[in-house]
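A note on names: the letters A, B, ... follow the listed sequences, proteins ahead of strands, and every chain is numbered from 1.
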Number of protein chains: 2
Amino acid sequence: MVNIEMHGSSAIENSGIGGQLGFLLRQAQAAVWQDLIATLAPFDLRPAQYAALRIVRASPGCKQQEIGDALGIQRPNMVRLVDDLRARGLLTTVRNPADRRSYALELTAAGTELMARADRAHDGHEARLAACLGDADTVALNGALRQLGRLGGGG
Amino acid sequence: MVNIEMHGSSAIENSGIGGQLGFLLRQAQAAVWQDLIATLAPFDLRPAQYAALRIVRASPGCKQQEIGDALGIQRPNMVRLVDDLRARGLLTTVRNPADRRSYALELTAAGTELMARADRAHDGHEARLAACLGDADTVALNGALRQLGRLGGGG
DNA sequence: TATTGTTATACTCTATAACTATA
DNA sequence: TATAGTTATAGAGTATAACAATA
């Protein structure tokens, strides 16, 4: 991840890109992402792994492809992610008897326990974001980001 | 870059991460980034290259390290970026007589001409963002993103 | 001793094609 | 024929250590 910092760099101010929405968006995302990485690091979880485990917990029995679709991770890249989590005993993948092409993913007891602790840390992450935003209109921010997220997708 | 799309995925809605600020921020940034990549592709410029050229144009004679600092690109990774732009004849790097460790970067005529065309495409990119946001409070959005960008940096 | 640029290198994330087994 | 998972592989982007030249 990029470690974008403005430093009040005159070079970037003069160039005019420092005030652009795309640049600010990238900066903000990078800062939040770094905080999330640091938040999950004590549990040896990266953001994608934590998100995958949350999806499995909320949708037990789901296929790994469903996780990939939800997170925008391509099928080949899901294999390693699920392999690692299974190797660590955080989730199980059992053949779906009804359709033996797919696996049904579920959290193990260890996975559930780890996620309970990771969730508390993640709550702290969200609290930091809220504190950072102060009295900003988070509802409006939410709406604006949802709008931008639909930019190219036609969705 | 990740190709995050929500698809109205029930898996992600159930997991609770679909409505989180960090997730929305990531989605929005990915969509805007993809639009920027597509915008600059006709000029064979990636976002970092375009940003670097804008900084050189605004601060002629600058050192490549100053660009790296402004954009959050580390010194070793600036070498290839500047090399490529110089090989394409878009900028020149001449030894600074006052401090022969550094180079003074400047746009060539070809670089200036290419950037003039790229700027028009980039204006279209910004117009698409504005249109996408509609009547959203862009000033408030700007402020909120600036706040978030200062999350970890103490700045 | 510190700074600028460089080389070599490695790791993560992402992307594509082709394969298997199942349907 | 289409889908779920897999393998191999390639490309970005990013990260650190060590070096040469210069200050």
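When the C1' atoms of four end pairs are superposed on the next four at each end of the helix from C/dT1-D/dA23 to C/dA23-D/dT1, using five pairs per end, the two resulting axes differ in direction by 10°, to 10°.
Judged as a side chain to side chain contact (heavy atoms under 4.5 Å, CB included), and not counting sequence neighbours, the contacts of A/Thr92 are A/Glu106, A/Thr108. Judged as a ring-ring contact (aromatic ring centres under 6.0 Å, His included), and not counting sequence neighbours, the contacts of A/Tyr50 are A/His122.
Judged by distance alone, with hydrogens and angles left aside, the side-chain atoms of B/Ser59 form no donor-acceptor pair with the main-chain N or O of B/Val56 at under 3.5 Å.
Atoms CD1 (A/Ile37) and C1' (C/dC11) sit 13 Å apart, rounded to a whole Å. Rounded to whole Å, atom P of C/dA23 lies 12 Å from atom NZ of A/Lys63. The CD1-P distance, from A/Ile73 to C/dT16, rounds to 15 Å in whole Å. Rounded to whole Å, the distance from CD on A/Gln34 to P on C/dT12 is 14 Å. Rounded to a whole Å, the CG atom of B/Leu71 is 14 Å from the C1' atom of D/dT14.
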Would you tabulate the nitrogen or oxygen pairs shorter than 3.5 Å linking the protein to nucleotides 21-23 of chain D?
from: D/dA23; atom 1: OP1; to: B/Arg100; atom 2: N; distance (Å): 2.9

Which atoms of nucleotides 6-9 of chain D (N or O only) lie under 3.5 Å from a protein N or O atom, and what are those distances?
from: D/dT6; atom 1: OP2; to: A/Gln64; atom 2: NE2; distance (Å): 3.0

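Comparing A/Cys62 and B/Pro47 by the nucleotide of DNA chain D that holds the closest heavy atom to each, the one mapping nearer the 5' end is A/Cys62.
Just one residue in the list A/Asp119, A/Leu107, A/Leu105, A/Ile67 forms a side-chain contact (heavy atoms from CB on, under 4.5 Å) with A/Leu53, and that residue is A/Leu107.
Between B/Gln74 and the phosphate of D/dT14, there is no side-chain N or O to OP1/OP2 separation shorter than 4.0 Å. Under 4.0 angstrom from either OP1 or OP2 of C/dT6 there lies no side-chain N or O belonging to B/Arg80.
Under the 6.0 Å distance and 45° angle rule, A/Arg117 does not count as a cation-pi partner of A/Phe43.
Contact annotation: the side chain of A/Glu66 never approaches that of A/Asp69 to less than 4.5 Å [non-hydrogen atoms, C-beta and beyond]. Proximity of A/Gln64 to A/Val79: side-chain heavy atoms (C-beta onward) are separated by under 4.5 Å at one or more points. Using a 4.5 Å cut-off on side-chain heavy atoms (C-beta onward), B/Leu90 and B/Met115 make no contact. At a threshold of 4.5 Å between non-hydrogen side-chain atoms, the residues B/Arg128 and B/Thr39 count as touching. Within the 4.5 Å cutoff, the side chain of B/Leu45 has heavy atoms near those of the B/Arg88 side chain. A/Leu25 places a side-chain heavy atom less than 4.5 Å from the side chain of B/Leu25.
The minimum heavy-atom distance between A/Leu24 and A/Gly19, with the atom names listed, is CD1-O, 3.9 Å.
Taking a 4.0 Å limit (strictly below) on heavy-atom distances, residues 53-61 of chain A does not reach DNA chain D anywhere.
A/Asp83 and A/Arg86 are joined by a salt bridge, as a carboxylate oxygen and a charged side-chain nitrogen come within less than 4.0 angstrom of each other.
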